[in-house]
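Okay, structure first, notes after.
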Amino acid sequence: MTAPLTVSVVQYEALDGGIDVNVPEHVRLIEDADSHGARLVVFPELSLTGYDLTLLRHRNQRGGDRRGGDRPGGDRWVTAGDHRLDPIREICRRTGITAVVGVPFRERDGTPRLAALAVHPNGTEEAGFKTHLHGDEQSLFEAGPGHQALREPLLLDVDGWKIALAICFDAAHPAHSGAAAAAGADVYAVSALYTQEEGHRLGLHLGARAMDNRMYGALANLGGRTTLGPSCGLSGFWGPDGLSMQKAGATGTEVVTAVLRRGPLDRYR
């Protein structure tokens, strides 16, 4: 039987100033999670930049076509191997933690994605893309693989556990988590931004996704004030019975940690 997995979700209030300012805070919070024994650390949607689509669009348009190559001033967009993330790579290497950070990501051909970027301790990286864009996101990003082809979400392997990555509105679509479960996911890990008026929806989404698919749910929500309104907080964990296990106590930056065990999964599967 696979050993229990300790996971931390980080409710994070992104700082103004972009990637260079937020990377050190991510490192500090990964160190905090390491002190609790975490093997996987999940950050919210666009955690390294904050949810400011106007600024991202401005940076995008300054370089011309949004699928174009290098863009002047495109410092809030991340590309594969981006050197600004080296401190995160180093803390993951040193602690043995896999960290999932939220970034606006440009593929090598220039395609703009809203991404959850997994940084592994061995130096490899995997990017999961938001499948269900909504609102202004649709004019800035391209939907990730799976929107048309119905492919399953990205699955990470962490200590023998299968972790499916989702980004915010993905969790509102049962087919997304259903595809994750069909692919063998044990945990549905959501990087998100739910605002003050959406706390009830957050609980319904995560509880239903966990219960319907008999897997754990984990959610990291952006904290504090955002361009969409104040956060509702509530980052935390749901068991395969759909019930809340634990959650953040407020709406600011907070590390919430849970030990996930195989027993409850086996009981409901």
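The structure presented is a predicted model; accordingly, all values stated were derived computationally and were not measured.
Side-chain atoms of Glu45 and Tyr194 form no donor-acceptor pair, as typed in the model, at a separation below 3.5 Å. Looking at His26 and Ser47, their side chains do bring a donor and an acceptor atom within 3.5 Å of each other. Using modelled atom types, one finds a donor on one side chain and an acceptor on the other under 3.5 Å when comparing Ser177 with Asn213. Between the side chains of Arg57 and Ser139, at least one donor N or O sits under 3.5 Å from an acceptor N or O.
No more than 12 heavy atoms of other residues, nucleotides or ligands sit less than 6.0 Å from atom CG of Asp16. Open room surrounds CZ on Arg225; 12 or fewer heavy atoms of other groups in view lie less than 6.0 Å from it.
Taking the side chain to side chain contact (heavy atoms under 4.5 Å, CB included) definition, one finds that Leu15 meets it with Tyr12, Val21, Asn22, Glu25, sequence neighbours left out. For Phe169, the ring-ring contact (aromatic ring centres under 6.0 Å, His included) criterion is met by His134, His173, not counting sequence neighbours.
Interatomic distance, Ile30 CD1 to Asp34 CG, rounded to the nearest 0.5 Å: 9.5 Å. Note that OG of Ser8 and CD1 of Ile97 are 7.0 Å apart. Values are rounded to the nearest 0.5 Å. Once rounded to the nearest 0.5 Å, the distance linking CG of Asp86 with CD of Glu90 reads 9.0 Å. Taken to the nearest 0.5 Å, the CG atom of Leu29 stands 5.0 Å off from the CZ atom of Phe43.
The side-chain heavy atoms of Leu154 and Glu126, taken from C-beta on, include a pair separated by under 4.5 Å. Using a 4.5 Å heavy-atom threshold, the side chains of Ser235 and Val10 count as separate.
In this structure, Arg84 and Val23 approach most closely via the heavy-atom pair O-CG2, 3.6 Å. The two residues Thr49 and Pro104 make their nearest non-hydrogen contact at CG2-CD, 3.7 Å. Between Gly184 and Lys162 the shortest heavy-atom distance is O-CB, 3.4 Å. In terms of heavy-atom proximity, Arg89 sits nearest to Gly81 at NH2-C, 3.3 Å. Heavy-atom minimum distance, Ala258 versus Gln246: CB-OE1, 3.5 Å. Looking at every heavy atom in both residues, Ser231 comes nearest to Asn221 through OG-ND2, 3.4 Å.
Taking a cutoff of 4.0 Å between a charged side-chain nitrogen and a carboxylate oxygen, Lys130 and Asp170 do not qualify as a salt bridge. A salt bridge does not link Arg28 with Glu31: none of the charged nitrogens is closer than 4.0 Å to a carboxylate oxygen.
A cation-pi contact, defined as under 6.0 Å to the ring centre and within 45° of the axis, links Arg113 to Phe129. Judged by the 6.0 Å distance and 45° axis criteria, Arg39 is not positioned over the aromatic ring of Trp161.
Under a 3.5 Å cut-off, the side chain of Tyr216 and the backbone N or O of Leu265 do not form any donor-acceptor pair.
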